[in-house]
Visitor: 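Below are the structure tokens for one structure; questions will follow.
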Amino acid sequence: MSISKTYQPREFEDKWYSYWLQHKFFASVPDDREPYTIVIPPPNVTGVLHMGHMLNNTIQDVLIRRARMKGKNACWVPGTDHASIATEAKVVAMLKEQGVNKKDLPREEFLKYAWEWKEKYGGIILEQLKKLGASCDWDRTAFTMDPHMSEAVIDTFIHLYKKGWIYRGIRMVNWDPQGKTAVSDEEVIRKEVNQKLYYIRYQVSSTKYQDHSEQPNDSILDSSYLTIATTRPETIMADSAICINPNDERYVHLHGKKVLVPLINREIPVILDDYVAMDFGTGCLKVTPAHDLNDYQLGQKHNLPVIDILNDDGSLNDKAQILVGEDRFAARKKIAVMLDEAGSLEKTEDYKSQVGFSERTNAVIEPKLSMQWFCKMEEMAKPALDAVLNGEVNLIPEKFINTYRHWMENVRDWNISRQLWWGQQIPAWYLPDGQFVVAKTREEAFEEAKKLATKYSQLTVNDLTQEEDVVDTWFSSWLWPISVFNGIAEPDNPEIKYYYPTNDLVTAPEILFFWVARMIMAGQEWRGEVPFKNVYLTGIVRDKLGRKMSKSLGNSPDPLDLIEKYGADGVRIGMLRSSPAGNDLMFDEEHCKWGSSFGNKIWNAFLLVKGWQVDDSLTCTNRVAIEWFESRFSQALTEIEDNFSQYRMSEALMSTYKLVWDDFCAWYLEMIKPGGQVTADGIFKQLPTDRETHTRTIKFFEDILKILHPFMPFITEELWHDELFGERGIKDSCIVAQLPSYGEFNTQLLSDTEVVKLIITQIRNIRNSKQISPKEALTLAVKVNSKIDYSSYGAIIGKLGNINQLDVVSDKIGGAISFLAQTDEFFVPLNESVDPDAEKIRLEKEVEYLQGFLKSVNSKLTNERFIQNAKPEIIETERRKKADAEAKLAIITKGLQDLAG
RNA sequence: GGGAGCAUAGCUCAGCUGGUUCAGAGCAUCUGCCUUACAAGCAGAGGGUCACAGGUUCGAAUCCUGUUGCUCCCA
């Protein structure tokens, strides 16, 4: 295989993805190996890939590829959820364009359109995931409305209903008047909005007055009114009371009184409750139980009637008495005018407050009372909380445990019904008299109903009507780790037994509660076992100014454009590097650029090695370098392993990066690089290398490709198949290669080499400061005070420092530039003489530094309590530091004396 | 209003069970190099009172308390 001269990821990324697919490298079936399983957090079927998915799925892919390369049976299950409200909104919009109104369609027909839409447009995101290299087992692609998945949802509903954990009730819900459905708290986006605060007068009606006259007497009433402040004047017709704080001295005269709602003159009581803040507004609060959650609770407490004046679409109904049929916002404008004309509007003020908007339709959310289905949380929350507290499930990073606990201890019942068609229709069946039964099929329901319906002896199966509502999409998702393996209908099937519980879940902290927590509940309820061992929580991808990425801001790059520009490998590692677990990622395209530069580096290192010729007659002169890199590689592997074991993915990546770029490319390859020769006619000719160096280096390269593969699957697979590595069978692919295992490493060699690197750096510094070209060879002399055997390292120092002669001397060389490496003294004789004054200043600085250093070390060692309390190894290193510093100091002091003499 | 978290170089962040003079990385900046794999590169350099104030300790960026500033969640 010939290889391109430059790194061009576009030329090979798609090719290898197809190759992996074709040879079924992603596929998993249960076998004897240890399983490693991840279920994807199913993206919304209407969604497209955004930066958050990119990060999240890269992490999953790194984990799954690593597991595969450790010999585990790796299974990553992909899929999408049906996103009832989002999908239904899309289908309704599509039908509207075709001139069809959802209301005019029967349910079945609407669902037919919805399925068509799903087949046609749904799941684009899964295709996009392939571009980033996601090694999912696509044969297992699941959808939350697949027949067996839906069946699991229905079975769960029935199961929990029978346990008494699902019930029907009237509750205040977040109502989306445009989508005409309840939405969860999580689907409500709160924004600060400029509004007006309307000050409205309510006339006080005295008992006396009521007793004596049918007609209002203006002169009495005008002198007696109270004023409330509200942002929602259109809801006054739904008022049930006015509430004041019992301690509010301003309003003592109102205790026990009644007032009249302006415009409609309905009488309502003045009630007392210290819920009312005296310093907010006027201190008088209008209580509207049907249209405000807090008012609802207040109403319950005081036994107030609930007057609901709004239709499902947000328009006013008959109970409002006036403005019937008007939209709530139009009504607000009109009623302000009417109040003003009636003299009931005292004033208006500008006011900022938080308003909830529907995430899906952007309509202003209306708190609304409605009959909904609820799932009790109390019994399930307790064990799910314990599972996290006792470490059965690890949250990474741990800081989320607090947040999790807080939520689980204050959990509220889960509203699981949605007034939509797209989703699993609730398996409840109503009798003509309003009673209902819960059953899987109409026939089963009929059997149940007959037991109830004694007075309907004539009841037929067709008299039953099924509940119109569907269940919340999360009621599907919480079963995901079980239902993708069909573990509810067939709890003992071999797949669920093999793959469950899964290993790691990678998701965003914002769905820790309503998805992760509920999966734990479902897992414990159905299988008596948590669904995963570790939950890795990613951060939020933000732009470089720290703003969340959003469509409306237009600050989100398209991940596919980035992949096109920088290659999937580059984007993957660019994102991974700057995102430790749980930390938000300030995205900047520079990260991707960095990633692709690394790809380029690897590519070019490969070209270098590939270009070498071998001469079998040569003996190996690079054994020290080879042994050093082998040790260094083992050492790096332990670091990488350690980082992974603690889920420090970005750290693991950086350890790998440093090993490859710094140790392998910048040091090792430079050490062993065969030199060149300029022929008589000025042509450069590369010299061959020996067989051993060549073989060992290729092996190192192969190992490097392996450890890089989970991070950068494409470039590694591309290079893996190069002829440099010899013939490869089809199944001999990097994706399934086994990670190298680390051996012992020679710490002496590693530390000696650090000194050698220091020497080379010093030589380069001398060249830099003296403006000596790297091409000009220098001589170097060393006075050895340590135990390092420099004869082993002469070749390396010679090559990297361009030193043509290394002498071991017993006395210092006068007039030469000198430097210390550890305690060994080095001399570089130059033609020019060294300025003694400058040299003196340099050495004095060194002395000053070392004395300071010694002082801090000595202060520890002379401190009795340090000696008593510190661990022995800490004391030992302090002693060694002291000895080293004293030795250095002696050498430098001598140097200063020589300079003076 | 209740809870949680964060504050380290110009920027983005590491620094894990306190212990090498521990203050680090990458990017950005500056200097010198188109050296024979790579200018997406090479060789170097500068840059920080670890938010502030106390405390615990032989020893604190790290643990504790308070203050200030920011973020998120819940109401």
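Protein chains get the first letters and strands the later ones, always in sequence-line order, with residue 1 at the start of each.
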Visitor: Among B:rG19, B:rA37, B:rU21, which nucleotide has an atom closest to any side-chain atom of A:Tyr849?
Guide: B:rU21
Visitor: Per the atom types in the model, does the base of B:rA37 pair as donor or acceptor with the side chain of A:Gln686 at under 3.5 Å?
Guide: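 Counting by modelled atom types and ignoring angles, no donor-acceptor contact under 3.5 Å is found here.
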Visitor: Expected output check: what is the dot-bracket annotation of RNA chain B, where ( ) and [ ] are pairs inside the strand (brackets for crossing ones), | is paired with another strand, and pairs are Watson-Crick or G-U under 3.5 Å?
Guide: (((((((..((((.....[....)))).(((((.......))))).....(((((..]....)))))))))))).
Visitor: Does NZ or CZ of A:Arg764 come closer than 6.0 Å to the centre of the six-membered ring of A:Trp667, within 45° of the ring's axis?
Guide: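 Cation-pi check for A:Arg764 and A:Trp667: passes.
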Visitor: Taking atom C1' in both B:rU8 and B:rG69, what distance in whole Å separates the two?
Guide: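 Each nucleotide's C1' atom is 16 Å from the other's.
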Visitor: Nearest to the side chain of A:Asn863 - B:rC58, B:rU35, B:rG44?
Guide: B:rC58
Visitor: What nucleotide among B:rA25, B:rC16, B:rA37 has an atom nearest to a side-chain atom of A:Arg648?
Guide: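 Closest of the options to the side chain of A:Arg648: B:rC16.
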Visitor: A:Asn869 has an atom CG; how far is it from atom P of B:rC58, in whole Å?
Guide: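 A:Asn869 atom CG is separated from B:rC58 atom P by 6 Å.
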Visitor: When you get a sec, tell me which of B:rC58, B:rA40, B:rU35 is the closest nucleotide to the side chain of A:Ser596?
Guide: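 Among the listed nucleotides, the one closest to the side chain of A:Ser596 is B:rA40.
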Visitor: Expressed in whole Å, how much space separates the C1' atoms belonging to B:rC74 and B:rA14?
Guide: 31 Å
Visitor: More than 12 foreign heavy atoms under 6.0 Å from CD of A:Glu864: is that the case here?
Guide: no
Visitor: Nearest to the side chain of A:Asn765, which nucleotide is it out of B:rC58, B:rU35, B:rA45?
Guide: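 The answer is B:rA45, which lies nearest to the side chain.
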Visitor: Are OP1 or OP2 of B:rG41 and a side-chain N or O of A:Ser597 less than 4.0 angstrom apart?
Guide: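 Yes.
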Visitor: Hey, are A:Glu639 and A:Arg632 close enough for a salt bridge, meaning a charged N less than 4.0 Å from a carboxylate O?
Guide: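 Counted as a salt bridge, because a side-chain N and a carboxylate O are separated by less than 4.0 Å.
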Visitor: Is it true that, when you exclude A:Glu378 itself, more than 12 heavy atoms of the residues, nucleotides or ligands shown sit nearer than 6.0 Å to its CD?
Guide: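 Incorrect, the count does not exceed 12.
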Visitor: Say you pick atom C1' in B:rA23 and the same atom in B:rG48; how far apart are they, in whole Å?
Guide: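 After rounding to an integer number of Å, I get 8 Å for this pair.
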Visitor: Side chain of A:Arg412: nearest nucleotide among B:rC74, B:rA25, B:rA37?
Guide: B:rC74
Visitor: Given the C1' atoms of B:rC13 and B:rC73, what is the spacing between them in whole Å?
Guide: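 Pairwise C1' distance, B:rC13 against B:rC73, rounds to 24 Å.
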Visitor: Counting only side-chain heavy atoms from C-beta out, which of B:rA43, B:rU21, B:rA37 sits nearest to A:Asn768?
Guide: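 It is B:rA43.
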Visitor: Can you tell me how far C1' in B:rC64 sits from the matching atom in B:rC72, rounded to whole Å?
Guide: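 Per the computed distance, 25 Å lies between those C1' atoms.
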Visitor: Thinking salt bridges, do A:Lys699 and A:Glu702 make one under a 4.0 Å N-O criterion?
Guide: no
Visitor: Would you please confirm or rule out a distance under 4.0 Å between OP1 or OP2 of B:rG44 and any side-chain N or O of A:Thr761?
Guide: yes
Visitor: By nearest atom, which of the nucleotides B:rG26, B:rG44, B:rU20 is closest to the A:Phe853 side chain?
Guide: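 Among the listed nucleotides, the one closest to the side chain of A:Phe853 is B:rU20.
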Visitor: Do NZ/NE/NH1/NH2 and the carboxylate oxygens of A:Lys673 and A:Glu670 come within less than 4.0 Å?
Guide: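 Salt bridge between A:Lys673 and A:Glu670, a charged N being under 4.0 Å from a carboxylate O: yes.
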Visitor: If you compare every side-chain N and O of A:Lys775 against the phosphate oxygens of B:rC33 (OP1, OP2), does one of them come in below 4.0 Å?
Guide: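 No, no such contact exists.
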Visitor: In a check of ring-ring contact (aromatic ring centres under 6.0 Å, His included) between A:Phe664 and each of A:Tyr657, A:Phe700, A:Phe701, which one passes?
Guide: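 Exactly one candidate clears the test, A:Phe701.
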Visitor: Taking B:rC11 as the reference, what is the distance to B:rU17 when you measure between their P atoms (whole Å, please)?
Guide: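 About 27 Å, rounded to a whole number of Å.
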Visitor: Output the residues of residues 871-893 of chain A in contact with RNA chain B, where contact means a heavy atom of the residue under 4.0 Å from an atom of the strand; sort by number or write none.
Guide: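 Those residues whose heavy atoms fall under 4.0 Å from RNA chain B, taken from residues 871-893 of chain A in numerical order, are A:Ile874, A:Lys881.
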Visitor: Say we look at B:rC27 and B:rC50: how far apart would their P atoms be, to the nearest angstrom?
Guide: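 25 Å, rounded to whole Å.
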Visitor: Of all the nucleotides listed (B:rG44, B:rC38, B:rU21), which has the minimum atom distance to the side chain of A:Ser856?
Guide: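 My answer, after comparing the listed nucleotides, is B:rU21.
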Visitor: Would you kindly check whether a donor in the side chain of A:Lys860 faces an acceptor in the base of B:rC58, or vice versa, at under 3.5 angstrom?
Guide: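 Side chain to base: no pair below 3.5 Å.
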Visitor: Give a yes/no on whether any side-chain N or O of A:Trp661 is located under 4.0 angstrom from OP1 or OP2 of B:rC42.
Guide: yes
Visitor: Select one nucleotide: of B:rA25, B:rA43, B:rG19, the one nearest the side-chain heavy atoms of A:Phe866.
Guide: B:rG19
Visitor: Using the P atom as the point on both nucleotides, what is the distance between B:rG19 and B:rC63, in whole Å?
Guide: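 Looking at atom P only, B:rC63 and B:rG19 are 11 Å apart.
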